[in-house]
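Step one of this worksheet: look at the structure below.
What's counted below: heavy atoms across the whole structure, side chains too, no hydrogens, waters or symmetry copies. What you are looking at is a predicted structure, and each value in this text was computed from that prediction instead of being measured. For ligands, and for the atoms within them, numbers begin at 1 and follow the listed sequence.
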Amino acid sequence: RPPVSEADLSQCEREPIHLLGGIQPHGVLLAFSEPDLTLRLVSANTEAWLGRPPQALLGRPLAEVLHFSSLVLLTRALSQPVNGTLRLEAAGRFFMGLLHRSDELAVLELEPTEADFSEEEALGMVDLLLSPLARAQGPLGLLQAAAEAVRALTSFDRVMVYRFDVDWHGEVVAESRDEAMDGFLGLHFPASDIPAQARALYTRHTLRLIADARAAPVSLVPSVLPSLGRPLDLSGAALRSVSPVHLEYLANMGVGASMSISVLRDGRLWGLIACHHRTPLLVPAATRRACDVLSRLVSLQLAAEERASVSAELARRAHLQTRLVERLSEQAGTLPSALSREADLLLGITGAGGAALLLGEAPVLLGATPSSKDVVELAAWLAGQHFDGTFHTERLGRLHPPAAEYADVASGLLAVRLDAVTPRFVLWFRPEVARTVTWAGNPQKPVVSGPGASRLHPRASFDAWQETVRGASSPWTPEDVAAAMGFRGALVGVLLRHAVALARSNV
Ligand code: BLA
C-alpha cells in the first residue's frame, strides 16, 4: 500500500467511502437481481470460498451456489421487511449470511461461521448485555460498564467509549483494556479523525468491523455497474473495504483489528464504542448483533441517567443560589464585599474559574480573572453590545481581539447585565480548555515518519486537536446560562432591598 500523502489528507471529507468497490477478504459478496435470483455481481474471491471463479458465476442462478434448503430460507428472508442473519450452506460448508438491498440488487454477504451458539452461551450473552443496566451508577459508570461488557463479549484488547462534542471532536470517556495496551482515557481527538461522511454512514449503519487492518481488499466483478457507471454502493455491506487513510491510522496506532458500534441519541450520533485488537479478530455476526443491541440499550439508559443528572445538577445550582442570596441578605457591609466572601458559591452556580462584579464601583475580582484594567475595558466593550439578559461565548478572543491576550483565564465569558440603563455586569470566566486537558499516552513512543504519517499518528492527532481548540473554553451549557439568569434576578432583588434599606435609613 502506498503511503498516504498530505494531498490525500486534505481530501478526507470528499473520499466516497461507500463506493470504494472492494470488500474485506474474510467473506464473499454475491449480488443478484430479483425475482429471478440471477447473480449480477460477485467479489473476486469466490473461487476460494465457493469453488467457482466469478466468470463461472455471473449470469447464473443463485440456486447453483446455495444448498437447496438454504435457498428456501433465503427466499423467505427476501420477503420479510427486516433482514437478520441466516445460517446458510454453500459448497459443502456453513456461512453466516447477511442480506440487504442496494442499487436495485439484493446483496448477500457470506462469512464463514463456527458452530451455532449453545443455549447456555446465548443466555450468558444476554446476561452480559444487561449487566451495564443492572446498577444505577450515573452516566460515566454506565459507559464504563458498557465498555467492560463489550470487551467480555468480544475479547478485544481495548474497548473505549468515544463521545462526540458539539464541534464533532471527541473524547475517550470510558475504557476497558488489557494492561499491555496504551490507555486513551481522557484524550481528545480532532473531528477530522472521523470525517463527516463516515459519521453519516455510522448513523445509518451502526456497526463497523475491520477484521484485519493489514489485509488487502478484494475487488468486485464487474468493478462498475453497467447501469450506473459506478461501483456498487456498499453503504449497507458489513464487508465494505476500508479507506486507505484510515488503515494507515490504525497501523500507526498498532491496531490489527477494530470495531465501532454507534451510540445514537434521538437519531443523532452521540458517540462510538470503539474497539481495538493487536491482531486480526473476526467477531462472529451473532456477537456483533449482541453488541449492537447492547449499544441501543445503553443509549436508552444513558438518556434516562442524563436527565436525572441534569435535574440533580439544576437542584444543586438552585441550592447554591438560595444559599448565596441568603448570605447576601444577612451580611452587613457593602454588597461587593459580601459577594467576594462567597466566591465559591458564586463560581459554583455557573461552573466558572473566575468572576468579576461591576456594580458601579471598582470591579471586584474573584478566582482566576483578567486584570482589573482588562475587566474594565471588557465591560466597556460589552456595554456597546446588544444582548438580552445574558451574553456568552466560548471564544472571547474572536469577538473581542484584546481578550486573546488573556485567553488562558478567560477564553469563555458568560455575562449578565443587571439593567438596560447602567453598565452594571456580573461576568463569569472560563479558562482555555487545552490547558485543562493532559496527554495521557506514552510520549516516548516513536512517531512514524513519512508523508501524512505524522498527522495520522494518534499523538500528532492530539497535538492537532490542541491547535483547533486554542483560545476556546469548554462550552457553557443551557443550565449554566439559566443559572446566570436566575442569579441576575436574585441579585436585582437584593440590590433593590439594599437600596430601599438605604433610602429608609436616610429618611
Ligand atoms: C474511521 N476513525 C474511524 C473510526 C474511528 C476513527 C473509531 C471508525 C472505524 C473503526 O472502528 O476503526 C478514529 N479511532 C479513532 C479515534 C480513536 C480511535 C479518534 O480509536 C481514539 C481513541 N482518519 C484520520 C484522517 C482521515 C481519517 C486525517 O485521522 C482523513 C481521511 C479517515 N477515519 C477516516 C475514515 C474512516 C475513519 C475515512 C471511515 C472508515 C470506514 O468505515 O470505512
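Contact annotation for S260 and ligand 1: heavy atoms of both the backbone and the side chain come within less than 4.0 Å of the ligand. Contact annotation for M259 and ligand 1: only backbone heavy atoms (N, CA, C, O) come within less than 4.0 Å of the ligand. The side chain of I210, and not its backbone, has at least one atom closer than 4.0 Å to an atom of ligand 1 (non-hydrogen atoms only; side chain from C-beta on). With a heavy-atom cut-off of 4.0 Å, V245 touches ligand 1 through its side chain alone. When non-hydrogen atoms are compared, ligand 1 lies under 4.0 Å from the side chain of P195 (C-beta onward) but not from its backbone.
When atom types are taken as modelled, the side chain of D178 and the backbone of A180 share a donor-acceptor pair closer than 3.5 angstrom. Side-chain N or O atoms of R158 include none that pairs as donor or acceptor with a backbone N or O of E175 at under 3.5 Å.
Expressed to the nearest 0.5 Å, how far CZ of R316 lies from OG of S311 amounts to 13.5 Å.
Residue S241 has no nitrogen or oxygen atom sitting less than 3.5 Å from a nitrogen or oxygen atom of ligand 1, judged on distance alone. Residue R240 has at least one N or O atom closer than 3.5 Å to an N or O atom of ligand 1. For ligand 1, one of its N or O atoms has an N or O atom of S258 under 3.5 Å away. An N or O contact shorter than 3.5 Å links H246 to ligand 1 by distance. On a distance-only criterion, R208 and ligand 1 share at least one N/O pair closer than 3.5 Å.
In this structure, R208 is not positioned above the aromatic face of Y202 in the sense of NZ or CZ being under 6.0 Å from the six-membered ring centre and within 45° of the axis.
A salt bridge between R317 and D480 is present, with a side-chain N of the basic residue lying under 4.0 Å from a carboxylate O of the acidic one.
Of all atoms in ligand 1, numbered sequentially from 1 with element shown, those under 4.0 Å from a heavy atom of M253 are 17 (C), 18 (C), 20 (O). Under a 4.0 Å criterion applied to the non-hydrogen atoms of S243, ligand 1 contributes the atoms 38 (C).
Inspection of the T206 and D292 side chains reveals an N or O donor paired with an N or O acceptor under 3.5 Å.
Listed here is the closest heavy atom pair of R265 and S299: CD-O, 3.9 Å.
Using 4.0 Å as the threshold, E13 has no heavy atom nearer than that to any atom of ligand 1.
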